[in-house]
S.K.: 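Mind having a look at this structure? Questions to follow.
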Number of protein chains: 2
Amino acid sequence: MNVTIIDVAKKAGVSPSTVSRVISGSTRISAATTKKVKIVMEDLGYHPNLMAKNLVSRTTMTIGLLLPRNADEAFLDIFFSEVTRGILSKATRAGYDLLLKTGKSEQEELEAVTRLVKGRRVDGIILLQSRLDDTVIRYLQQESFPFVLIGRDRERPDILTVDNDNVQAAYDVTRHLLELGHRRIGYASGPLELVVSADRHEGYRRALEEAGIEPQPGWFVSTELVRADSTSAVRALMDRPDRPTALVVMDDLLAFSLLNSLSELGYSVPEDMAVFGFNDNPMSPVSSPPISSVDIGVYHLGLEAAGLLLRSVKGEQPEQRRVIVPHRLIPRESSQPIKVT
Amino acid sequence: MNVTIIDVAKKAGVSPSTVSRVISGSTRISAATTKKVKIVMEDLGYHPNLMAKNLVSRTTMTIGLLLPRNADEAFLDIFFSEVTRGILSKATRAGYDLLLKTGKSEQEELEAVTRLVKGRRVDGIILLQSRLDDTVIRYLQQESFPFVLIGRDRERPDILTVDNDNVQAAYDVTRHLLELGHRRIGYASGPLELVVSADRHEGYRRALEEAGIEPQPGWFVSTELVRADSTSAVRALMDRPDRPTALVVMDDLLAFSLLNSLSELGYSVPEDMAVFGFNDNPMSPVSSPPISSVDIGVYHLGLEAAGLLLRSVKGEQPEQRRVIVPHRLIPRESSQPIKVT
DNA sequence: CTGAAAGCGCTTACAG
DNA sequence: CTGAAAGCGCTTACAG
């Protein structure tokens, strides 16, 4: 059997309550007693049973991270590793553990979260995406369970979130391409149900319109089409008489697909098509050509999210409910001034 | 207050024991009672408190993964993401959760593991490295706590491990370079205290000696030197009259450093130096030149480790205590036949 | 097939 | 400053 608080109490000649108080560092315990108990704990190699502790104190010193993917797909995208790294870093420093959960559908996610909440397995939860009318978020809100969303929820501006200013970032990228002389600028989108896709599209649209350019529907490429058949999608785009000379691409991984297809069809980047991606994948600087991208500070998104959550868990009122992590444009060879043709 | 097993029992007109049995799917419960209780659970939105359950059943349905890094450095190397992906995939399918722990020194690791074990926070632990006379492993063994090591422990062949045949893999790589006509083949090592470094060096040495070549100490580059000043290390290597024409490099990340320094010093790969790495980093195929590497199946290492651990946790005797994950050489442009000079 | 009772290992008012 | 007692929400022999 493992050594319990009772064993320590007996050997130290005090009550279990006293031992408990020594462990929790409670005041109002004499220095002599504290010392005596600590020696006995050391002697016996005592470590508290955290399950028992959690049960009665209703706190776990653990935060849960919900990965909105199938278990074998989580961490395929470096976004997940980087955000986990940020969360882990902050949580560890604060003495919290990290529990990983996955869910490949809204239903699965809701189930996972319900088990975490009702099972009292964690003190708070970090979410990595929000859908329109997200049932997971609704559930957490209704249970008043501490959580932070990395991203933005359009319908509930009051929840705790950490996000980039994605509208501004896409605006900046589009402006950058405009300044390079491009006029026909296309947009390659991520999944349409995600707010981040809508936000970046919005920034793109705004920059073009400010420049007096009407974004053409034919300049829009969806990730679904690319995933199904990247080459066909690219061919359809390039066969247009008004084909774009530059593309704003929502994710570098998507940009890699597009580059492959462009090259397959005999086009070269940046000569025939300038490309500017997002999320600054580690492969972007070493790809040929190196891909221009936006560093969105994924590690910092995780760090800030964990910080915000921990404050919320401790019942502190955070000074701001929406944290914005700054972005940074990194132009590389894939986005060059337009050729004079 | 949350709804407990007692609330369910009252409303269903049975005892808490019976509700407990229904939850655990115990036999010897009448179909009628089972149905009645299940309806009430649904009605009340009952979910068991896992802390209470864990406390009495002494099982957590959670496995711990110990990342031998500082929290903010874990997941910087894709090896960690990939192995986590494998573990998560297997664990999730088996209904287990994953708890992440970090430790930047042996002392920290031991502390983290002690807390997990004594605190009864997890049912088993996965380790990602072993040192000589590893105190963490010794502790787990002495506590008879279920654990699996990804890697190999020279002193304790009896523990559960999942590993590549690293001696063979390095042997294969060296043979490959020999067949390309190289005779003076160097070796760039990882941290010397790791078994994997020693194993790969052993395979390299063996292949050379079989070919009647004496590996020169001057052909050996250590990761510590490279990390301190990659360019000096490479210059020292290249200034030798008997400088190597090919390098076996223990990790693609190390290979990237070496490539940079070689290029800085005006040498080109593979013309002046063939390079063959390990671990098949996602950047290796897209780097210029694409780097030859060994795919060691990191995802499968994680998958197998979790599988082995889960069997051990359930008290099953695994048919084999050492699982070997196969490796695969992927020659790319960085390793070409030797130039006839 | 089902229930009463004891117990898992802690914490926390309450009382002194 | 310290202790006795109750309780956190479950499970599991034991008995019938």
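The model shown is predicted, which means the values in this text are computed figures rather than measured ones.
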S.K.: Taking the basic N atoms (NZ, or NE/NH1/NH2) and the acidic carboxylate oxygens, is any pair closer than 4.0 Å for A:Glu155 and A:Arg138?
M.R.: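 Answer for the salt bridge query: no.
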S.K.: Any salt bridge linking A:Lys118 with A:Glu143? Criterion: basic side-chain nitrogen under 4.0 Å from a carboxylate oxygen.
M.R.: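 A:Glu143 and A:Lys118: salt-bridged.
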S.K.: Is any side-chain heavy atom of A:Asp7 less than 4.5 Å from a side-chain heavy atom of A:Thr4?
M.R.: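 Counting from C-beta outward, A:Asp7 and A:Thr4 do come under 4.5 Å.
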S.K.: Closest approach to the side chain of A:Val56, judged atom by atom: which nucleotide of D:dG3, C:dC10, D:dT11 is it?
M.R.: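 Among D:dG3, C:dC10, D:dT11, the one nearest the side chain of A:Val56 is C:dC10.
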S.K.: Hey, which of these two, B:Ser24 or A:Thr34, hits DNA chain D nearer its 5' end, going by closest nucleotide?
M.R.: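 So the residue in question is A:Thr34.
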S.K.: Atom NZ of B:Lys36 and atom P of C:dC1: how far apart are they, to the nearest Å?
M.R.: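 Rounding to the nearest Å, NZ of B:Lys36 and P of C:dC1 are 14 Å apart.
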S.K.: For the pair made of CE in A:Met51 and C1' in C:dT11, what is the distance, rounded to whole Å?
M.R.: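 Those two atoms, CE and C1', are 16 Å apart.
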S.K.: D:dT11, OP1 or OP2 - any side-chain N/O from B:Arg58 closer than 4.0 Å?
M.R.: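 The answer is no; no side-chain N or O of B:Arg58 sits under 4.0 Å from OP1 or OP2.
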S.K.: Indicate whether OP1 or OP2 belonging to D:dT2 is found under 4.0 Å from a side-chain N or O atom of A:Thr33.
M.R.: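 Yes, A:Thr33 has a side-chain N/O under 4.0 Å of OP1/OP2 on D:dT2.
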S.K.: Yes or no on salt bridge (Lys or Arg N to Asp or Glu O under 4.0 Å) for B:Asp77 and B:Arg69, after CA distance, side-chain angles and deciding distance?
M.R.: CA-CA 10 Å; B:Asp77 186 341; B:Arg69 287 284 186 284; 5.0 Å; no
S.K.: Would you say C:dG3 has OP1 or OP2 under 4.0 Å from some side-chain N or O of B:Ser15?
M.R.: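 Checking C:dG3 against B:Ser15, a side-chain N or O does come within under 4.0 Å of OP1 or OP2.
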S.K.: For the pair B:Asp158 and B:Arg321, find out whether any cationic side-chain nitrogen is under 4.0 Å from an anionic carboxylate oxygen.
M.R.: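 Salt bridge flag = no for B:Arg321 with B:Asp158.
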S.K.: Report yes if at least one side-chain N or O of A:Ser20 is closer than 4.0 Å to OP1 or OP2 of C:dT11; otherwise report no.
M.R.: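 The answer is yes; a side-chain N or O of A:Ser20 sits under 4.0 Å from OP1 or OP2.
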S.K.: Rounded to whole angstrom units, what separation is found between the CE atom of B:Met41 and the C1' atom of D:dC10?
M.R.: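 After rounding, the gap between these two atoms is 14 Å.
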S.K.: Whole Å only: how far is the CD1 atom of A:Ile6 from the P atom of C:dG7?
M.R.: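 Those two atoms, CD1 and P, are 11 Å apart.
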S.K.: Taking atom NZ of A:Lys38 as the centre, report whether more than 12 heavy atoms of other residues, nucleotides or ligands fall under 6.0 Å from it.
M.R.: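 No, because the 6.0 Å sphere around NZ of A:Lys38 holds 12 heavy atoms or fewer from other groups.
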S.K.: When you check the phosphate oxygens OP1 and OP2 of D:dT2, does a side-chain N or O of A:Ser30 lie under 4.0 Å from one of them?
M.R.: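 Yes, within the criterion.
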S.K.: Of the options D:dT2, C:dT12, C:dG9, whose atoms approach the side-chain atoms of A:Ser17 most closely?
M.R.: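 The listed nucleotide nearest to A:Ser17's side chain is C:dT12.
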S.K.: Side chain of A:Ala52 only, please: which of C:dC10, C:dT2, D:dT2 is the nearest?
M.R.: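 Taking heavy atoms from C-beta onward, the closest nucleotide is C:dC10.
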S.K.: With respect to the phosphate group of D:dT2, does any side-chain polar atom (N or O) of A:Thr18 fall under 4.0 Å of OP1 or OP2?
M.R.: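 No, because none of the side-chain N or O atoms of A:Thr18 sits under 4.0 Å from OP1 or OP2 of D:dT2.
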S.K.: What integer distance in Å separates B:Leu55:CG from D:dG9:C1'?
M.R.: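 Rounded to the whole Å, the gap is 9 Å.
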S.K.: With no hydrogens and no angle check, do the side chains of B:Arg21 and B:Thr33 hold a donor and an acceptor under 3.5 Å apart?
M.R.: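 On atom types as modelled, these side chains do not qualify, holding no pair under 3.5 Å.
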S.K.: Whole-Å distance between C:dA5 P and B:Ile5 CD1?
M.R.: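 Atom CD1 in B:Ile5 sits about 17 Å away from atom P in C:dA5.
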S.K.: If only atom types and distance count, is the side chain of B:Thr92 paired as donor or acceptor with the main-chain N or O of B:Ser89 below 3.5 Å?
M.R.: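 Checking the backbone N and O of B:Ser89 against the side chain of B:Thr92, no donor-acceptor pair under 3.5 Å is found.
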S.K.: Starting at the 5' end of DNA chain D, write a dot or bracket for each base, bracketing those in Watson-Crick or G-U wobble pairs whose two distances are under 3.5 Å and using | for partners on another strand.
M.R.: |||.||||||||.|||
S.K.: Quick check for you: among C:dT2, D:dC10, C:dG9, whose closest atom lies nearest to any side-chain atom of B:Arg21?
M.R.: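 Out of C:dT2, D:dC10, C:dG9, the nucleotide with an atom closest to B:Arg21's side chain is C:dT2.
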S.K.: Expressed as a whole number of angstroms, how long is the span from B:Arg120:CZ to C:dC10:P?
M.R.: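 It works out to 11 Å between those atoms.
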S.K.: Between D:dG3 atom C1' and A:Lys10 atom NZ, what is the distance in whole Å?
M.R.: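 Value for this atom pair: 15 Å.
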